Amino acid sequence: MDYQFKDIEQRWQQFWAEKQTFRVTEDASKPKYYVLDMFPYPSGAGLHVGHPLGYIASDIFSRYKRLKGFNVLHPMGYDSFGLPAEQYAIQTGQHPAITTESNIATYRRQLDRLGFSFDWSREVRTSDPGYYKWTQWIFMQLFNSWYNLETDRAEDITTLIEKFNAAGSAGVKAVCDDDVRNFLPTDWAAFSQDEKQEELLKYRLTYLRESTVNWCAALGTVLANDEVKDGFSERGGYPVEQKKMMQWSMRITAYAERLLKGLDMIDWPEPVKEMQRNWIGKSTGASVRFMLEIPVGGQSFIEVFTTRVDTIYGVSYLVLAPEHELVPALTTVAQREEVEAYIARTRKKSELDRMADTKTVSGAFTGSYVVNPVNGEKVPVWIADYVLAGYGTGAVMGVPSGDQRDWLFATHFNLPIVQVLDAQVNIREQADATKEGTYINSGMINGMVYKDAVSYLNSWLEEKGLGKAKINYRMRDAIFGRQRYWGEPIPVYFKEGLPYLLAEPELPLVLPEIDKYLPTETGEPPLGRATGWKHQGGHEYELSTMPGWAGSSWYWYRYMDARNPDAFASKAAIEYWQAVDLYIGGSEHATGHLLYSRFWNKFLKDLGYVQEEEPFKKLINQGMIQGRSNFVYRVVDADGRGTNTFVSAGLRNGYQTSAIHVDVNIVNNDVLDLERFKAWREDFRDAEFVLEEGKYVCGVEIEKMSKSKYNVVNPDDLIERYGADTLRMYEMFLGPLEQSKPWNTNGIEGVFKFLRKFWRLFHDENWNFQVSDAQPSPAELKSLHKIIKKVQDDIDRFSFNTSVSSFMIAVNELTELKCNKRAVLQELVVILSPYAPHICEELWSLLGHEEGSLTQVSYPEFNPAYLQEASFSYPISVNGKMKMNLDIALDLSQQQVEETVLANEQVQKYLEGRPHKKIIFVKGKIVNIVV
RNA sequence: GCUCGGAUGGUGGAACUGGUAGACACGCAGGACUUAAAAUCCUGUUCGCCCUAAAGCGAGUGCGGGUUCGAUUCCCGCUCCGAGUACCA
């Protein structure tokens with residue numbers, strides 16, 4: 001029979017499901033390999049053709065690894081908490097759980113049709129109470145932990161209490177809030193329970209604190225920094241403003257250094273690592289105290305952070321952020337009006353304006369002065385919005401000669417510019433940030449070089465108590481609460497305004513039913529609507545829920561032991577599977593999911609629950625699949641009204657037209673199917689066309705794939721027409737996995753033809769299955785062993801597109817050779833099976849093997865002997881220009897080759913009688929005659 | 001502005017450590033089969049010149065230089081496109 005992909009694919013998908021072919025267990029006799037896909041949020045739109053790209057690649061890799069003898073964990077699940085289902089619930093009243101459930105069913109059906117080798121018995125859903133019980137449990141561990149800088153790891157909060165008992169706050173080096181109290185052991189003992197809890201909260205790795213947050217009024221919730229892009233929410237694009245609120249946060253800053261260092265140990269794309277480095281934003285410098293001339297507001301100094309302490313003799317002013325807490329106290333009566341006006345002005349500027357407008361210099365003088373600690377000079381204190389309240393101390397020292405922003409500021413306000421290094425040039429024109437040369441005008445460091453000056457100043461400042469070396473990070477603690485319904489409830493209740501954890505047996509704290517998915521009348525989050533939802537009937541629960549990234553920050557561990565009711569995963573399972581060996585997903589998660597996951601992983605390691613410092617050993621970002629839109633051009637009449645006539649793209653310049661998106665599914669190779677177009681929309685029924693060469697050619701544009709642009713290509717349609725094996729191979733054939741590219745269905749025929757041709761190798765001209773047991777010829781073995789090696793090399797470097805080409809070459813060669821030898825074809829079936837599993841299973845069983853045993857065989861052994869040749873057709877070039885080919889035996893020496901080449905008549909013709917200077921000979925590669 | 005990635009035929013792309021540029025496929029053109037169409041198969045297809053044709057000659061991997069017997073590949077300088085990031089002191 002001809003290649004009946006529909007029957008074949010249905011049969012094997014059913015077979016795999018019934019026999020649970022891809023179910024894995026921890027098998028100590030085999031090496032393990034963990035292949036993970038970023039699990040999807042099940043949106044209502046279902047999968048488009050771009051989504052499976054990464055899943056296909058990871059599936060090929062998983063199947064290949066199995067053939068190579070690995071015990072492969074390859075699971076799939078759903079990140080099923082999230083905003084869209086909740087927005088839908090607000091509009092329709094439908095419970096998000098119901099929407100989510102039906103979306104998951106659609107996803108599952110679509111995934112199943114692609115023939116993936118997932119172990120579905122390990123499926124997870126983040127919105128399942130059996131799953132989020134453990135998300136809540138991890139939250140509780142974080143609440144019960146603090147970060148000890150002496151041991152450089154998270155520890156149980158009890159070790160902190162012991163330290164307080166033994167030596168008070170002085171005995172503790174921790175990552176904590178800025179406003180921790182100083183106390184003696186006796187003070188600690190005298191604190192009330194509430195006071196103790198309040199103090200401990202400043203140390204916990206998840207904590208409640210009044211913080212400035214990104215408030216998105218339209219979504220009714222706060223957002224983390226990575227969920228905000230250019231002042232708008234990443235989801236939905238609504239405006240975001242700064243607001244002070246009591247919020248749960250995660251002390252991710254405690255792990256800043258380890259998150260940074262860990263990047264050097266993992267095999268990730270450099271851009272992702274670079275983005276994380278920038279996000280963490282480490283800078284090495286010093287904090288320096290400038291004493292106030294007159295102490296104000298209980299403060300006697302202003303602290304600045306600088307990366308160039310060596311330029312401190314060049315300071316001609318200090319600048320504070322307009323929001324800096326000392327500004328009101330520092331402002332003198334004479335300057336009050338100007339300062340207040342300036343603050344009012346900056347406040348009015350939105351975040352966006354402030355970012356867009358980086359050119360204009362602005363600021364105001366407070367009227368106060370500080371003293372430069374190194375030379376006792378009087379330094380004026382200004383405020384300006386180029387200093388950010390949120391970074392460092394919110395105050396900087398202005399060194400106009402070394403920093404361009406300071407230079408612009410000083411020039412604008414006529415402040416002095418002092419040269420500090422003899423190597424600085426042109427500082428009248430612009431700042432020179434060089435570190436070269438030796439110091440001048442710089443008191444005690446005059447004549448020193450950069451390195452010495454920095455360490456000298458740092459120790460001098462530290463000795464005097466006026467400053468010290470300091471490392472600063474740009475990364476902030478992550479806001480962890482969301483004022484939304486469809487997320488994990490935070491397992492906390494309040495007593496006397498202080499948060500307390502639930503007891504472990506009370507988990508999971510299940511999301512309560514509510515009447516409407518909106519905030520309460522008093523502005524509380526939706527959970528405030530739940531009636532009678534109180535801890536043990538008395539205390540208020542926390543009403544915000546966890547953010548979207550909570551459930552995805554540890555899910556790879558749940559796959560290891562997905563149904564365990566007693567632990568997030570058993571110790572044995574974690575010890576066996578360890579970490580993810582290959583992780584495939586989109587680069588949009590570079591600073592969100594991938595950073596938070598690394599953070600939680602390190603935390604779980606500190607507590608001894610997991611062993612690996614880094615969760616994802618190798619990461620690959622699959623490229624985005626963009627949409628490719630097609631257009632028709634409607635002729636517009638003199639009044640600007642659309643007519644009933646559509647002109648082909650090549651002729652549209654002769655007309656006044658308007659471009660209309662046309663469904664890409666009724667266009668083939670940019671040629672419009674006229675009948676289907678007329679049937680597509682009622683108003684096009686009587687359409688008339690101006691054709692070119694008898695065809696209507698559509699215009700093309702690359703855009704995002706979306707319904708409104710009619711450019712969505714659904715995998716189901718393609719599977720219907722060509723089958724899953726064709727689609728799988730075509731998606732790989734499109735180009736390198738990591739490259740972004742527009743989807744174009746043109747060309748899928750080529751892959752389909754290939755599979756038919758492959759099928760035909762096993763059949764005679766009447767489609768009867770027929771293979772021969774005869775010995776393969778050397779040419780056939782050569783083809784086979786070429787592909788054995790090629791595919792193995794390609795998969796090892798994730799170059800799936802090139803293997804598809806090689807398969808085509810192999811099948812072309814074998815067709816040419818009329819090869820139907822079992823010994824060759826059988827091996828070929830194994831090699832192709834990761835790419836096109838259905839057809840290969842079918843042929844495998846037709847070859848007489850036990851059904852389904854294809855997944856247990858080994859990848860064929862490569863034998864280089866079959867590729868060895870006696871001679872090679874050398875390209876002969878003259879002065880590096882290829883002229884001709886010449887067949888020469890491979891075992892000849894350089895001298896023999898030279899003689900052979902020079903003796904050749906045609907070669908002599910190219911030399912035109914010129915004597916050769918030398919002959920370059922690279923065995924098996926090239927002969928180059930230099931004249 | 002900074003960081004990263006990219007640029008190869010009409011199109012997607014290949015060329016892995018410097019060694020025959022354009023594999024493989026799409027599209028297109030021509031042909032076979034067919035009453036016809038579809039499907040299938042065969043041939044050609046980087047560009048230019050020359051030509052009935054065969055053959056030949058020249059140019060060619062964004063642009064300009066360099067290293068080398070030899071450069072899509074390495075180095076220097078630029079142009080354009082894409083992504084991320086942005087007063088971070």
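Only heavy atoms go into these numbers, but all of them, side chains included; no hydrogens, no water, no symmetry mates. Since this is a predicted model, take the numbers as computed values, not measurements. So that the names make sense, note that chain A is the first sequence line, chain B the second, and so on, each numbered from 1.
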* Which part of the nucleic acid, if any, lies within contact of A:Glu274, taking any heavy atom under 4.0 Å across all strands shown: a base, the sugar-phosphate backbone alone, or nothing? -> sugar-phosphate

* Asked: Reckon A:Phe733 touches a base, only the sugar-phosphate, or nothing at all at heavy-atom distances under 4.0 Å?
  ->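 Base contact.
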
Whole-Å gap separating [atom2] ([N]) and [atom1] ([X]):
X: A:Lys282; N: B:rC88; atom1: NZ; atom2: C1'; value: 15 Å
X: A:Ile748; N: B:rG27; atom1: CD1; atom2: P; value: 12 Å
X: A:Arg277; N: B:rA86; atom1: CZ; atom2: P; value: 18 Å
X: A:Leu734; N: B:rG13; atom1: CG; atom2: P; value: 7 Å
X: A:Met475; N: B:rU85; atom1: CE; atom2: C1'; value: 17 Å
X: A:Glu731; N: B:rG13; atom1: CD; atom2: C1'; value: 16 Å
X: A:Arg476; N: B:rC88; atom1: CZ; atom2: C1'; value: 9 Å
X: A:Lys273; N: B:rA83; atom1: NZ; atom2: P; value: 24 Å

Does OP1 or OP2 of [N] have a side-chain N or O of [X] closer than 4.0 Å?
X: A:Asn812; N: B:rA25; value: yes
X: A:Lys753; N: B:rC26; value: yes
X: A:Gln739; N: B:rG13; value: yes
X: A:Ser873; N: B:rU20; value: no
X: A:Arg760; N: B:rC41; value: yes

Given [options], identify the nucleotide with an atom nearest to the side chain of [X].
X: A:Asn746; options: B:rC88, B:rC26, B:rG19; result: B:rC26
X: A:Ser805; options: B:rG13, B:rA23, B:rC88; result: B:rA23
X: A:Lys883; options: B:rG58, B:rU20, B:rA25; result: B:rG58
X: A:Met882; options: B:rU20, B:rC24, B:rC87; result: B:rU20
X: A:Val930; options: B:rC69, B:rC16, B:rC4; result: B:rC69
X: A:Tyr386; options: B:rA21, B:rC87, B:rG19; result: B:rC87
X: A:Arg797; options: B:rA89, B:rC88, B:rC16; result: B:rC16
X: A:Thr307; options: B:rU20, B:rA14, B:rA89; result: B:rA89

Looking at [Y] and [X], is any side-chain nitrogen of the basic one under 4.0 Å from a carboxylate oxygen of the acidic one?
X: A:Glu813; Y: A:Lys782; result: no
X: A:Glu765; Y: A:Arg760; result: no
X: A:Lys918; Y: A:Glu898; result: no

* Are there more than 12 heavy atoms of other residues, nucleotides or ligands under 6.0 Å from atom NZ of A:Lys468? -> no

* Exceeds 12 heavy-atom contacts within 6.0 angstrom, atom CZ of A:Arg721 -> no

* Asked: Do the side chains of A:Lys917 and A:Ile929 get nearer than 4.5 Å, heavy atoms only?
  ->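 No, side chains not in contact.
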
* To do: Report the residue (A:Val804 or A:Arg756) whose heavy-atom-nearest nucleotide on RNA chain B is the more 5′ of the two.
  => A:Val804

* More 5' along RNA chain B: A:Phe872 or A:Gly281, using each one's nearest nucleotide? -> A:Phe872

